[in-house]
Amino acid sequence: MKVLPQTFYWDKNVTRIAKNLLGKVLVTNIQGKKSRGIIVETEAYSYKERGCHAYNNKMTARNQIMFEKGGLAYVYLCYGIHHLFNVVTNGSGKAEAVLLRALQPVEGFAWMTHRMNTSSIKRITSGPGKLTKAMGIDRTFNGKDLITSEVCIEEGMKVNNKQIVTSARIGIDYAGPDAKLPWRFYLKDNEWISKV
DNA sequence: TAGAGGATTGAT
DNA sequence: TCAATCCTCTAC
C-alpha cells in the first residue's frame with residue numbers, strides 16, 4: 001500500500017483534508033508490531049476558531065507542532081488519561097490539524113487487543129482516546145512525520161461524498177458558536193465510529 | 001507557583 | 001452521572 005505524500009497535507013482547506021482522510025489507513029509499526037486501521041471518523045481544527053488549541057494563532061509549548069508544515073503527528077494528553085492523535089495540515093505558520101476519532105481495524109488485531117487488555121476486537125478503536133491506545137500511540141509520537149516514521153497513513157479505499165456524514169464536533173462546548181461548526185466527518189452506517 | 005480545567009472513557 | 005488523573009495554561 002502506498003504512503004500518502006507530504007503534499008497531501010498541504011491543502012489549505014483543513015475540512016477537505018478531514019474528508020479526504022476517511023477511508024485512508026493509519027499504520028503504526030512499533031518494534032516490529034504492525035497495526036493498521038481504516039480511518040472512519042475525523043474532526044477538523046483551525047487557528048480561526050475557538051475549538052482549536054491554537055485559536056487566534058496562540059502558540060504554546062504544547063501546540064507548537066501545529067504551526068509546523070503539514071504532515072506531522074500532533075499527539076497530546078487529554079484529561080490526564082487519554083492521548084489524542086492529530087494530523088498537522090496546511091503550511092508552516094498556519095496552525096490547522098485533523099483529529100482522528102475512530103478506526104476500523106484491519107491488521108494487528110492481536111497487538112490491539114493486548115494493548116487494550118481485552119479479548120474482543122469489537123469497538124476497540126471507537127473513540128479518539130481508544131484508538132491511540134490500541135495503536136500504541138503516545139506523546140512520544142508528537143512531532144513525528146507521517147511519511148518515514150513508525151506511524152504513517154496509507155492510501156486506502158475510495159470514498160464518495162454520499163458515504164460521508166457531516167456533523168458538529170464533540171466535546172468542545174466551551175468554543176461557543178464555533179462548537180456548532182459542521183467539521184466532524186464520518187462514514188455513513190459504519191459500525192466503528194465513536195459513540196455519540 | 002498554585003489552581004482550574006480539559007478535542008475522554010468506562011463504571012455506577 | 002461522575003470519578004479517574006496529570007499536563008497545560010493562566011493568574012497572582
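Since the model is a prediction, treat every value here as computed from it, not as a measurement. Numbered from 1 within each chain, the chains take letters A, B, ... in sequence-line order. Values below: every heavy atom of this structure, side chains too, minus hydrogens, waters and symmetry copies.
- Exactly one residue among A:Leu84, A:Leu100, A:Thr132 makes a side chain to side chain contact (heavy atoms under 4.5 Å, CB included) with A:Ile137. That residue is A:Thr132.
- For A:Ser149 (side chain) and A:Lys144 (main-chain N/O), no donor-acceptor pair under 3.5 Å exists by modelled atom type.
- Atom CE of A:Met59 and atom C1' of C:dC9 are 16 Å apart (whole Å).
- When the nucleotides C:dC9, C:dC7, B:dT8 are ranked by their closest atom to the side chain of A:Ala61, C:dC9 comes out on top.
- At the phosphate of B:dG6, neither OP1 nor OP2 sits under 4.0 Å from any side-chain N or O atom of A:Arg62.
- With a cut-off of 3.5 Å on both pairing distances, the Watson-Crick or G-U wobble partner of B:dG3 is C:dC9.
- Comparing atom distances between the A:Ile170 side chain and each of B:dA7, B:dT8, C:dC7 picks out B:dT8 as nearest.
- Here the side chain of A:Thr89 pairs no donor or acceptor atom with the backbone of A:Val14 at under 3.5 angstrom.
- Put simply, OH on A:Tyr174 is 12 Å from C1' on B:dT8, counting in whole angstrom units.
- What separates CG of A:Asn63 from C1' of C:dC7 is a distance of 14 Å, to the nearest Å.
- The residue A:Gly127 sits close only to the backbone: its heavy atoms come under 4.0 Å of sugar-phosphate atoms, none of a base.
- Listed candidates were B:dT8, B:dG10, B:dA7. Nearest to the side chain of A:Lys130 is B:dG10.
- The distance between atom CG of A:Asn86 and atom P of B:dA7, rounded to the nearest whole Å, is 11 Å.
- The side chain of A:Leu77 has C:dC7 as its nearest neighbour among B:dA7, C:dC7, B:dT8.
- For A:His83 and B:dA7, the NE2 to C1' distance is 15 Å, given to the nearest whole Å.
- Computed from coordinates, the A:Met116 CE to B:dG10 P distance equals 6 Å when rounded to whole Å.
- Taking the centre of each ring, A:Phe141 and A:His83 stay at or above the 6.0 Å mark.
- Between C:dA4, C:dT8, B:dT8, one nucleotide has an atom nearer to the side chain of A:Arg139 than all others, and that is C:dT8.
- With hydrogens and angles left out, the side chain of A:His82 and the base of B:dA7 share no donor-acceptor pair within 3.5 Å.
- At whole-Å resolution of the value, CD in A:Glu41 and C1' in B:dT8 are 13 Å apart.
- Stacking between A:Tyr45 and the base of B:dA7 is present: ring centres sit under 5.5 Å apart and the planes differ by under 30 degrees.
- When the side-chain nitrogen and oxygen atoms of A:Tyr76 are compared with OP1 and OP2 of B:dG6, none of them lie within a distance under 4.0 Å.
- Of the residues listed (A:Tyr74, A:Tyr45, A:Tyr47), the one engaging A:His53 in a side-chain hydrogen bond (donor to acceptor under 3.5 Å, both in side chains) is A:Tyr74, and it is the only one.
- Put simply, CZ on A:Arg123 is 13 Å from C1' on B:dG10, counting in whole angstrom units.
- Taking side-chain N and O atoms only, A:Lys133 has no distance below 4.0 Å to OP1 or OP2 of B:dT9.
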